[in-house]
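Reckoned from all heavy atoms, side chains included, excluding hydrogens, waters and symmetry mates.
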Amino acid sequence: MSKEYPARAAGPPGRPALPPEAEAEIMERLSANMKISSEEIAAILAKHGVSGDVEALQNTYRKRVGQRLMASIRDENGRREVLAHGSEYVVVECCNDQQALKIIHRRINGQISGLNTSADKVQGRISVLGRFLARFRKAG
């Protein structure tokens, strides 16, 4: 059977350590179909022995549940009251640490910028398809 590959980061953040064969198979499937389901990715990773430590996975799950709880704490206008700063959560209205607030603000602005860039890319593709369909209708 194949070697066990733990699901841990290597290199840049968000880039997990994967067996090269698994990554190649995922990229091949993505290239061939221009899409891939999370179930297909999971099956390929399982086939190549990618797994995580059970206790670490439980801890990650618990942190995610806690994060969802913190994200659900909202003011009367629906804005989040509690935001993450590193591995801690702070009540924004009670935070007197200007540096922490600046870091939180920078992170949020970075996320907004990334989402706007992605939204622009999707909007560009929608526009291309719209022009294509308009020409197709005129020709037909």
Non-neighbouring partners of Arg62 that pass side-chain hydrogen bond (donor to acceptor under 3.5 Å, both in side chains), sequence neighbours left out: Glu55
For His105, give me all partners under side-chain hydrogen bond (donor to acceptor under 3.5 Å, both in side chains), at least two apart in sequence or on another chain. Asn109
Does [X] have any side-chain contact (heavy atoms from CB on, under 4.5 Å) partners at least two apart in sequence or in another chain, and if so, which?
X	answer
Val128	Arg125, Arg131
Leu133	Arg137
Val65	Tyr61, Arg68

Let me confirm one number: the [atom1]-[atom2] distance from [X] to [Y], rounded to the nearest 0.5 Å.
X	Y	atom1	atom2	result
Ile36	Ile41	CD1	CD1	4.5 Å
Met34	Leu30	CE	CG	6.0 Å
Glu93	Cys95	CD	SG	10.5 Å

For a quick test of reading the model, state the closest non-hydrogen atom pair linking [X] to [Y] and the distance between them.
X	Y	value
Pro19	Val50	CD-CG2, 3.6 Å
Asp53	Ala56	OD2-N, 2.9 Å
Leu57	Gly52	CD1-O, 3.8 Å

Can you run down the salt bridge (charged side-chain N to carboxylate O under 4.0 Å, His left out) pairs that involve [range], sequence neighbours left out, and say none if there aren't any?
range	answer
residues 27-46	Glu25-Arg29, Arg29-Glu40
residues 69-88	Asp75-Arg79
residues 94-114	none

What residue pairs, at least two apart or across chains, pass side-chain hydrogen bond (donor to acceptor under 3.5 Å, both in side chains) with a residue in residues 111-121? none
Fellow cluster residues of Val92, listed by chain then number, with links counted only when side-chain atoms sit under 4.5 Å apart: Leu83, Val90, Leu101, Ile104, Ile108, Ile112
Could you identify which residues cluster with Leu115, counting Ile, Leu, Val, Met, Phe, Trp and Tyr as linked when any side-chain heavy atoms lie under 4.5 Å apart, either directly or through a chain of such contacts? none
Are Val91 and Leu69 connected into the same hydrophobic cluster when the rule is that any two of I, L, V, M, F, W, Y join if their side-chain heavy atoms are below 4.5 Å apart? yes
